[in-house]
Structures are given as C-alpha cells and as structure tokens.
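As structure tokens, the structure follows; a few thoughts come after it.
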Amino acid sequence: MTALEDWDDGPFRPEAVTVRVPAKINLSLSVGPLRVDGYHELVTVFHAVSLYDEVIARAARGLSLTVEPLRRDSDVGGVPEDERNLAWRAALLLAEHAGVEPDVRLTVRKDIPVAGGMAGGSADAAAALVACDHLWGTGLRRDELHDLAGRLGSDVPFALHGGTAIGTGRGEHISPVLAAAGMEWVIAVMDGGLSTPKVFEACDLLRSRDGVTPDAPQVHPDLMSTLRSGDAELIGAALYNDLQPAAVELMPEIGELLDLGTAAGAAGALVSGSGPTTVFLVDGPVSAAEVEEQLRTSGLCRAVRRARGPVPGAQVSNVR
Ligand code: ATP
C-alpha cells in the first residue's frame, strides 16, 4: 500500500461539532382571531439576541441526549432528555430525510430561559439540525434545512435564520427586515415559566370578556420605519405584544417589572413572546446599568442579563 492510499480513507468525518444558537425576542407580536384549527394567525417581528444555547453533536452508536446548564446560574429544570426534546426530534427528522442512521450523542447546554417565551427549545432544534448535518456530512441546502425546521415547530426556522425578520402564518414563514445594528437589551428572567397554550387561552378569554374582536394581524408601519432609524426611544415606543395583558394577568409580577424598568429609564419594555421573560430596550451603558440595578434589587426575578441584537442564527462554533 502506498503512503497516499494509506491517507485516503474517505471524507473528513468530525468527532464533535458545536453549534451556538441565539434566543429570540418578539419586537412585535400581533395575534389574530382563534382559527378553526385551534391556532392563531400571527404576524411577528423576531429579533435574535446574544443569549445563547449550545448543542454539541458527537459521533456515537445510536441516539442519546443530555441537558446541562451553560453557566452556573442557567436553569435547566424540566427539560426532557429523551424523544420529547426538540433537539432529539430534529436529529431523527434529519436522519430520516437524509437516509442515514441517527447515530449521535447530543449535549444540549442551556442558557436560554426554559419556557421563557424566548424559544429555547426551538433554538436547540435548529442547532441540532445544523450540528448533525455537519457531523454526518449530509450537506443539506439552506432551503432544505429551513423546510425541516418548519416541520419541527413554528419558531425553529427563525432560530436558523437569526437577525431581525417578520414571521407570518404561525411564525414559520420568515422574511428579513432591514434593522439597525447594535440594539442593547436588559432581560429579566423569572423563576418558573408560562405555558404558551395557556397564555393564548387567557388572551382569547380577555378578548371575549372585553368584547374585542381582533383584526387580521399586522406589523405596524411605525415599527418598520423606526427599526431602520436605530433610535432607541422611537423603537422603544413602537414595541408591542398582543399577549402581554394575558401574561400579566397570569403572572402579575410581570406587570410590576415592566413598570420598574420603564421608571428606571428603559426606552421600551415588553414581554417576550408568551412570557414570562421581560425585555427592556436601553439607550447606552448608563441606562442599561440603571435598569439592570432596579430589576436585580426588585426581588421579582431570578436573574437579569444583558444582550445585544440582532445576531446571526444557529452557527457552527467548533469542530474537532
Ligand atoms: P416558545 O416561546 O417557543 O413557545 P418557550 O421559549 O416559552 O417556547 P421552551 O424553553 O422552548 O419555551 O420550552 C417549552 C417546553 O418545551 C419546556 O417546558 C420543555 O418541557 C419542552 N422542551 C422540549 N425540548 C426542549 C429544549 N431543548 N429546551 C427547552 N425546553 C424543551
């Protein structure tokens, strides 16, 4: 055997691939009437922020998954380590689509708050798709990955995409939005989560109690133009979330936090998605420190974090 033949043992197969994936917040969330299929038509502006989970895919026999905290203060309570985990389902779906065995050991390292309205599970699914695609050398096109992502859940395509984008349908149809770079956020993470279906249910109840018939969902043109301007005060005033009253009704501390952050000088304050995480847009480091301090000392939340946006979606950060 020549030296060359000795070397030529097929394409490089990595042992381990790490993918970093951001959390999302919704700069606007407009919720239409309840549809006959039980879902609501949504129009939302997704925004990816620098609060990350990591998914490591390692070569293995069979499929297994473990969940661990990424930082000392990250909470992973209640996240399943079996086929109920969205990252597990993503690996299976990709294997089936590509016609390969689902041989992978997944480690999901979480920092995105669980059940926090920041689409952490969806982010992990997107990360698992990208990591396994790399590990197995399946080399799917971007549009194929996007299609698989949409089958896993309505927030998964955006976690692949990142940046700032309008989501329509149930959120799965994505179109990029021109937005200024470098928005700064202070994020209040609550103890415990809110169930997304329960928040939608509460929203429907509040609407029927108040005799409100919602219009078709839409993005306010104000928000689109202010996003391009990058002016924190203007953007802050244009943020909105139709689910906010329902989230506040279910967890009144959310309302108190929103008031605190606003009084501390945040340019904008809102519930992220279905909550209970609240996010505060700040105009520079002095304002960020003031808002952070007020939230931290309130005793109403578990942790306070800073993040910036927009950031890119799921990306390979290490290969070995
Ligand atoms: P969304 O805003 O997309 O509705 P969320 O951010 O409020 O979701 P997630 O953190 O995605 O909530 O988790 C919701 C539930 O999904 C959790 O309680 C957990 O049982 C389940 N789950 C499945 N896979 C994951 C995962 N990889 N990470 C977190 N939760 C997961």
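Counting from 1, the numbers follow the sequence of the chain as shown. First listed ligand is number 1; within each ligand, the first listed atom is number 1.
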Whether the S274 and T196 side chains hold a donor-acceptor pair (N or O, under 3.5 Å, no angle test) is what I'd like checked. yes
For the pair K110 and D53, find out whether any cationic side-chain nitrogen is under 4.0 Å from an anionic carboxylate oxygen. yes
Which pairs of donor and acceptor atoms, one on a side chain in residues 244-266, lie under 3.5 Å apart (sequence neighbours left out)?
from	atom 1	to	atom 2	distance (Å)
Q244	OE1	V271	N	2.9
T262	OG1	L258	O	2.7

Pairing residues for T44 by the side-chain hydrogen bond (donor to acceptor under 3.5 Å, both in side chains) criterion, not counting sequence neighbours: N26
Write out the protein residues near ligand 1, meaning a non-hydrogen atom under 4.0 Å from one of its atoms, in order of chain and number. G78, V79, P80, R84, N85, L86, K110, P113, V114, A115, G116, G117, M118, A119, G120, G121, S122, D124, D155, T196
Are there over 12 heavy-atom neighbours, none belonging to R109, within less than 6.0 Å of that residue's CZ? yes
List, by chain and number, the other hydrophobic cluster members for V49, where Ile, Leu, Val, Met, Phe, Trp and Tyr join if side-chain heavy atoms come within less than 4.5 Å, directly or indirectly. I25, L27, V43, V45, L51, I112, M118, I166, V177, M183, W185, I187, V189, V219, L223, M224, L227, I235, L239, L270, V279, L281
